[in-house]
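Each ligand, and each atom within it, is numbered from 1 in the order the structure gives. Keep in mind that the numbers below use all heavy atoms, side chains included, and drop hydrogens, waters and symmetry copies. Please read all numbers here as calculations on a predicted model, not as lab measurements.
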Amino acid sequence: MQNYSVAELLQAKHILQEIDVKGWVKTFRSKRFIALNDGSTIKNIQCVIDFENTSEEVLKKITTGASVHIKGVLIESKGQGQSVEIQVSEIIILGESNPDDYPIQPKKHSMEFLRENAHLRIRTNTFSAVMRIRSVLSFAIHQYFMNNGFYYFHAPIVTGSDAEGAGEMFSVSTLDKKNPPLDENGNIDFKEDFFGKETNLTVSGQLEAESYAMALGKVYTFGPTFRAENSNTSRHLAEFWMIEPEVAFNDLDANMDLSEDFIKYILNYILEHCKDDLEFLEKRLLDEEKSKPMIERSELALREKLKFIVDNNFKRVSYTEAFEILKNSKPNKKKKFKYPVNEWGVDLQSEHERYLVEKHFKCPVILFDYPANIKAFYMRLNDDGKTVRAMDVLFPGIGEIVGGSQREERLDVLKEKIKALGIDEKELWWYLDLRKFGTAVHSGFGLGFERMVQFATGMTNIRDVIPFPRTPQNAEF
Ligand code: ATP
Ligand code: MN
């Protein structure tokens, strides 16, 4: 007997004697046909039971969700819908699944219901397809950087620098919550805490990545980041994964080139390697679209949408140009935007980003040279003294998917900026050192991994593209 995965069996070119396969029952009909799946592919293999020679007791236990060990022969199928099937010689029930209790029945469940059953939702076709694509996408990301001379850099998860400025942080402490030690001013004395100072979960590995880029040249991080922002949107998680390349000697143009090339590579990779799962998700979306009014329907099917990104140049537009477009746009004049665009310098909201991408340019957009006062302190100041070399990549349906910049490499300018913000220079002593010793032009960006998985799979809610989402009021599992 030889062990096979369902994927291997479905690809077999000839009859296979004495095969062994283990998996879970998807459906069982007419007391004869098991649709078996083991996670290796979205497709099931049909296993045909010889029910006259199978005891009533065993037949009763072949229910949706049960795990089984099947022995038999792989033959050409006479039925429709599959080219091969297994003629079962023996079936062993490994783990029963009581159909009265098992939540994942072969029918359509709501996404909310499945989130409440996040430990079982991976057994549905939709979630298994999404999570296989998530896995392949991760591999493609590593492959892209490895092919291009980058080193994988592991940024710390617990950080002592509170000047990252990317968002609200979660604190990490072992102090007694009920009775914390206090200093002479009555504040919590973090000197007595585990690390001897206040520490948090990281919101970004960028500052540390800059240190490594200044010696290894090209590095990238790919790890979890945490933001305690109370934004209950379909695009925000409290724990999400971020990819952050950081490259010595790259200016903003090279940074934009890198983001575009990288995104095209990984999307093309899944188009080539996740055909079955994408086909399934595409069909799922088309079914969903049918219930929407005509004007809300998407013009492109999922794979066409991905291909469109791969095949077309991203439109590069300065903040100032974008501001003019938005200011003079119909929705702005008709006061349709929740946040009106009147004064140069306003931060752009996702409604504005989506207008630019979906209505105006109808392709991915890279916005650059943002007003300094709406961006982080470490972004390089332009000669105009009021804009910085920032860039955001905006995607249809998602809005911002990448945020990045050329970093300020001039010590004096950086010090000025820090001072103006009221940040204590001492807090950033090691970051300033990078500008004292062998400073160089350098750039990088952060890509939100889940937003990319959302785009790649067409899932509307970010909670459905990470295995166990962490959001406000929710950390079950
Ligand atoms: P946004 O304005 O959408 O909240 P941001 O400007 O705070 O994002 P950055 O600090 O630039 O985001 O982070 C880089 C990338 O990380 C973003 O472009 C986005 O793809 C992703 N990202 C940021 N915050 C979250 C979050 N809470 N959940 C998931 N992804 C996120
Ligand atoms: Mn951003």
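With sequence neighbours excluded, the residues satisfying side-chain contact (heavy atoms from CB on, under 4.5 Å) with Thr174 are Asp193, Phe194.
With a heavy-atom cut-off of 4.0 Å, His236 touches ligand 1 through backbone and side chain alike. Contact annotation for Glu229 and ligand 1: only side-chain heavy atoms (C-beta onward) come within less than 4.0 Å of the ligand.
One option in Gln206, Arg227, Met242, Glu244 has a heavy atom closer to atom 10 (O) of ligand 1 than any other, and that option is Arg227. Compare Glu353, Arg451, Met452 by their heavy atoms: the one nearest to atom 3 (O) of ligand 1 is in Arg451.
Those atoms of ligand 1 that come under 4.0 Å of a heavy atom in Ile462, given as number and element, are 29 (C). Per-residue contacts place Val402 under 4.0 angstrom from the following atoms of ligand 1 (heavy atoms of the residue considered): 18 (O). Contact atoms of ligand 1 toward Gly448: 15 (C), 16 (O), 20 (O), 21 (C) (distance under 4.0 Å to a heavy atom of the residue). Each of the atoms 3 (O), 28 (N), 29 (C) of ligand 1 lies under 4.0 Å from some heavy atom of Arg235. Those atoms of ligand 1 with a heavy atom of Gly446 less than 4.0 angstrom away are 14 (C), 15 (C). The distance from ligand 1 to the heavy atoms of Gly403 drops below 4.0 Å at these ligand atoms: 11 (O), 18 (O).
In terms of N/O distances under 3.5 Å, ligand 1 is approached by Ile401.
Note that OG1 of Thr320 and CG of Asp384 are 8.0 Å apart. Values are rounded to the nearest 0.5 Å.
Under the 6.0 Å distance and 45° angle rule, Lys305 counts as a cation-pi partner of Phe455. Because its NZ or CZ atom is not both nearer than 6.0 Å to the ring centre of Trp429 and within 45° of the ring axis, Lys436 does not count as a cation-pi partner of that residue. Both tests hold for Lys375 against Tyr370: distance to the six-membered ring centre under 6.0 Å, angle to the ring axis within 45°.
Under 3.5 Å, the side chains of Ser5 and Asp38 contain no donor-acceptor pair of N or O atoms. For Arg451 and His236, the side-chain atoms include at least one donor-acceptor pair closer than 3.5 Å.
Using a cutoff of 4.0 Å between basic side-chain nitrogens and carboxylate oxygens, Arg435 and Glu210 are scored as salt-bridged.
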